[in-house]
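Take a look at the structure below.
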Amino acid sequence: MSSVDYGAMSDQELRHYFLTHRDDNAALQAYLARRRERPRHVITAIDDPDFDDKIQNAIHQQIAEYQSGRGD
């Protein structure tokens, strides 16, 4: 069995690889490690009067990014 270089894969390639090789635990761990490394930004606070609008906008933005092929 050949060794796979997950580090050489783009995020999208690694995601695709994992989805087609679901028994490869190392691929899952590499994918999850990349997800954890990404900066997290706070969308809103619970007491924000625009809470619902901000959450809906964030969801729509993620859907648009996913549909354009940039979402992981």
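Along the sequence shown, the residues carry numbers beginning at 1. Just so it is clear, the model here is predicted, and its values are computed rather than measured. FYI, side chains are in, hydrogens and waters are out, and symmetry mates aren't considered; it's all heavy atoms of this structure.
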Among all residues two or more places apart in sequence or in another chain, which pass the side-chain hydrogen bond (donor to acceptor under 3.5 Å, both in side chains) test with Gln61?
Glu65
Donor-acceptor under 3.5 Å (Asp50 side chain, Asp53 main chain)
no
Which heavy-atom pair separates Ile46 from Phe51 by the least distance, and what is that distance?
CA-CD1, 4.1 Å
Just how far is it from atom CG of Asp48 to atom CD1 of Ile55, taken to the nearest 0.5 Å?
9.0 Å
So, Asp11 versus Tyr31: side-chain donor-acceptor pair below 3.5 Å or not?
no
Measuring from atom CG of Asn25 to atom CG of Leu32, what distance do you get when rounded to the nearest 0.5 angstrom?
9.0 Å
If we only count heavy atoms from C-beta on, is the Asp24 to Phe18 side-chain gap below 4.5 Å?
no
Of the non-hydrogen atoms in Arg34 and Met9, which two are nearest, and what is the gap between them?
NH2-O, 2.8 Å
Please find the pair of heavy atoms, one from Ala26 and one from Tyr6, that lie closest to each other, and give the distance.
CB-OH, 3.6 Å
Gap separating the NE2 atom of His21 from the CG atom of Leu28, nearest 0.5 angstrom:
14.0 Å
Would Ile43 end up clustered with Ile59 when hydrophobic side chains under 4.5 Å apart are linked, directly or stepwise?
yes
